[in-house]
Structures are given as C-alpha cells and as structure tokens.
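In what follows, a structure is listed as structure tokens, so that the remarks can point back to it.
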2 protein chains.
Amino acid sequence: MESRSYNCFFQLATDIIGGKWKSMVLWALKKDVKRNGELKKLIPNISQKMLTQQLRELEGAGIVERIVYPVIPPKVEYKLTKSGEKLIPILEQLHDWGKEYAKNHDIKIVKDANCIIE
Amino acid sequence: MESRSYNCFFQLATDIIGGKWKSMVLWALKKDVKRNGELKKLIPNISQKMLTQQLRELEGAGIVERIVYPVIPPKVEYKLTKSGEKLIPILEQLHDWGKEYAKNHDIKIVKDANCIIE
DNA sequence: CGGCATCCTTAATGATACTG
DNA sequence: CAGTATCATTAAGGATGCCG
C-alpha cells in the first residue's frame, strides 16, 4: 500500500475498491470463504496473476483476510474482513441498479459456465 | 458503446461506472448541472482528454446528458439522467464507507484547492 | 470555451514457464 | 494447489497543437 493523499472520502473509497477486478473479487467473496481456485472459476477471465495481485492489495487495505493452512498440497482461504463485509450491501445495490439498467436498455445477461451469482 | 456480453448484473454495473474516472465524474455531477471547465476544476488531476472521453462514454450509456447551447463562445452543460441520479445514493454510501474506513485507519484527507465535496 | 487529432510515454494486463 | 518470475503485449493516459 502506497499512502497517497486524498481529496475526499469518496476518492479514498474508489481508490481502495476501484480498478478492473477488485469489486468483482469482493463480490465473489460475499457469501463464503473462498479458495484461490474457486475464485478463479467464479470470476470470468481473470488470470492467476491478476487474482493474486488484487487479493494482495485488498489484503493490504484490510478488506480481505488471507488464511494459510500449512498443509501439503497448499490450502489458502480468503474471506472478507469486517471492513470488507460492510461493502457488500453497497455492492448489492450496485447490482440491483445494474439489473434495472439492463431491463430499461434491453441488455441480456449471458452467463458463461460459472457465473458469479444470481 | 460496444455491446459486450455480461455474466451478471454486477458486472454490467461496474462496466458502466467503473474505471479510474467515471464514478468521480458522476460524483462531481451529483448536485447540479456542470460545465466542462467546472468539472475540470472539481476533479483533481483529470486531463481534458480524459474528461471528454469519460463524459462521452457516460453519455453513450445514458447516465449523463450533454446539453449544447449554440452560442459563441461555446457553452456545454452536463447533467445526470434519471438513470444516473439513481446511482448517487449508492455512491453516497460508498463515500460514507470511505469516511469510516479513514477513521479506522487514521487516514487524513488533504483537499487540494477545489475538492469535489464535503 | 470546449473540444478533437496526433504522437508518445507509461501503466496494466496477458502468456508462458517454473516452484515449494 | 497456490502461487512466483519473466517477458511480451495492449490499453490507458499525457502533451501538444489546432479549430469553430
């Protein structure tokens, strides 16, 4: 985490959960603890590199917790922290907004194999 | 607007308002109609190129309306559409989340000159 | 004032191979 | 399984100049 300076709290928030993947990772974690492999299946088109990178940054921000089990083969779980959980209701509303937007604009959802949810 | 295909409504939503600038532009438009120059002052570090680009994409998505007055010198106003207005309460909650996050992590806000708000 | 067009630089992401 | 490292590619963004 680089400590930038922020002009307002909104900027801070978008800096933490913005970017192409972060909110989607949080969305994938909204229900349960998830393992690396599960996340890769849940999030369409994300590469291992991007997934790891985003998870590390979210962990650094205190939004996601990484739990390592010292076993072989390796087992690592990811879960939302308290702070991260507080974001979920907001993301839900964004989801609902998208649903209404899709309705109004005749946009169809086409899930490929393992969609995130709903 | 390129018509992609989406796996879920959440993905659709983040595709529309995601990216480095879009949500900030919406945030800057949350109160009143704004002109190009005002937006540039309100949004820290945005270039004219990026501002125009983001506004065009938001306009294409039906989130922002562009109103051109045929006068000299040119006058152009930007305002949220109904669809765009529905996003504001959600962005407000994101703002509030950021505020609490800042409190918990001892992050200070340093406005430079013309901050967006609050 | 509010752009657009062009060129150029930098940052983000992808592909592939390898490891404990 | 859950990564890391390296290299190649692509996309995002900045600088400058021009225009109605």
Side-chain angles (χ1 to χ4, degrees), chain A residues 1-4 7 11 14-26 28-29 32-61 64-80 112 114, chain B residues 1-4 7 11 14-26 28-29 32-61 64-80 112 114:
Chain A
M1 288 283 283
E2 344 86 77
S3 61
R4 297 181 37 198
N7 283 274
Q11 194 181 31
T14 56
D15 191 62
I16 293 173
I17 69 160
K20 189 173 178 180
W21 300 110
K22 290 208 178 63
S23 63
M24 192 63 79
V25 173
L26 297 176
L29 287 170
D32 318 288
V33 168
K34 292 266 158 48
R35 299 183 61 175
N36 176 81
E38 297 179 282
L39 290 173
K40 229 175 359 184
K41 272 185 284 185
L42 284 171
I43 304 172
N45 300 323
I46 197 167
S47 64
Q48 176 64 54
K49 176 182 174 180
M50 281 301 105
L51 179 56
T52 302
Q53 184 176 305
Q54 304 308 309
L55 284 167
R56 290 296 185 284
E57 289 177 17
L58 289 168
E59 190 191 0
V64 163
E65 187 185 357
R66 180 170 182 260
I67 305 161
V68 181
Y69 297 89
V71 297
I72 295 187
K75 177 177 178 180
V76 179
E77 287 179 344
Y78 294 96
K79 63 175 288 198
L80 297 175
D112 59 29
N114 317 281
Chain B
M1 286 284 282
E2 344 85 79
S3 61
R4 296 182 39 198
N7 285 273
Q11 195 182 29
T14 56
D15 189 62
I16 294 172
I17 68 159
K20 189 173 178 182
W21 300 111
K22 290 210 179 61
S23 63
M24 192 64 78
V25 172
L26 296 176
L29 287 171
D32 320 288
V33 168
K34 292 266 158 50
R35 298 183 61 176
N36 177 82
E38 297 178 282
L39 290 172
K40 228 172 5 180
K41 273 185 283 184
L42 283 170
I43 304 171
N45 299 323
I46 198 168
S47 65
Q48 176 63 54
K49 177 182 174 179
M50 281 301 104
L51 179 55
T52 301
Q53 185 176 304
Q54 304 308 309
L55 284 168
R56 290 296 183 283
E57 290 176 17
L58 290 168
E59 190 191 0
V64 163
E65 186 185 357
R66 181 170 182 258
I67 305 162
V68 182
Y69 298 88
V71 296
I72 294 187
K75 177 176 178 182
V76 179
E77 287 180 344
Y78 295 96
K79 62 175 288 197
L80 297 176
D112 58 28
N114 317 281

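Predicted model only: the values in this text are computed from it and were never measured. By convention in this document, chain letters (A, B, ...) are assigned in the order of the sequence lines, proteins followed by strands, and residues within each chain are numbered from 1.
Residue contacts for A:Lys49: at a heavy-atom cut-off of 4.0 Å it reaches a base atom on one of the strands shown.
For A:Trp21, counting side-chain heavy atoms from C-beta on, the closest listed nucleotide (C:dC1, C:dC7, C:dT13) is C:dT13. Of all nucleotides listed (D:dG3, C:dG14, C:dG3), C:dG14 comes nearest to the side chain of A:Lys20. Set against D:dC1, D:dG3, C:dC1, the side chain of B:Arg35 has C:dC1 as its closest nucleotide. In the set C:dG20, C:dG2, D:dG3, D:dG3 carries the atom at the smallest distance from any side-chain atom of A:Val76. Across C:dC4, D:dT4, C:dT13, the shortest atom-to-atom separation from the side chain of A:Gln54 is found for C:dT13.
Residues A:Lys79 and A:Leu29 fail the side-chain proximity criterion, which asks for heavy atoms closer than 4.5 Å. Looking at heavy atoms from C-beta onward, B:Lys22 lies in side-chain contact with B:Leu58 at the 4.5 angstrom threshold. Counting only heavy atoms from C-beta outward, the side chains of B:Lys20 and B:Gln54 never approach each other to under 4.5 Å. Put simply, the side chain of A:Asn36 reaches to within 4.5 Å of the side chain of A:Gln48, judged on heavy atoms.
A straight line from NZ of A:Lys40 to C1' of C:dA15 spans 13 Å, rounded to a whole angstrom. Atom CG in A:Asn36 sits about 10 Å away from atom P in D:dC1, given to the nearest Å. Between B:Ile72 atom CD1 and C:dG2 atom P the separation is 14 Å, expressed in whole Å. For B:Arg56 and C:dC4, the CZ to C1' distance is 9 Å, given to the nearest whole Å. Atoms CD1 (B:Ile46) and C1' (D:dG13) sit 11 Å apart, rounded to a whole Å. Protein atom CD of B:Glu57 is 16 Å distant from nucleotide atom C1' of C:dG3, rounded to whole Å. With rounding to whole Å, A:Ile43 atom CD1 is found 13 Å from C:dT13 atom P. The distance between atom CE of A:Met50 and atom C1' of C:dA11, rounded to the nearest whole Å, is 11 Å.
The residue among A:Pro74 and B:Gln53 whose nearest nucleotide of DNA chain C lies closer to the 5′ end is B:Gln53. Of the two residues contacting DNA chain D, namely B:Asn45 and A:Pro73, the nearest-nucleotide position lying further toward the 5' end is that of A:Pro73.
Considering only side-chain N and O atoms, A:Arg66 lies nowhere under 4.0 angstrom from the phosphate OP1 or OP2 of D:dA2. Distances shown here put every side-chain N or O of A:Ser47 at or beyond 4.0 Å from the OP1 or OP2 atom of C:dT13. The phosphate of C:dG3 has neither OP1 nor OP2 within less than 4.0 Å of any side-chain N or O from B:Thr52. The side chain of A:Tyr78 contributes no N or O atom lying less than 4.0 Å from OP1 or OP2 of D:dC1.
Nearest heavy atom pair, residue B:Ala61 against residue B:Ile16, reads CB-CG2, 4.0 Å.
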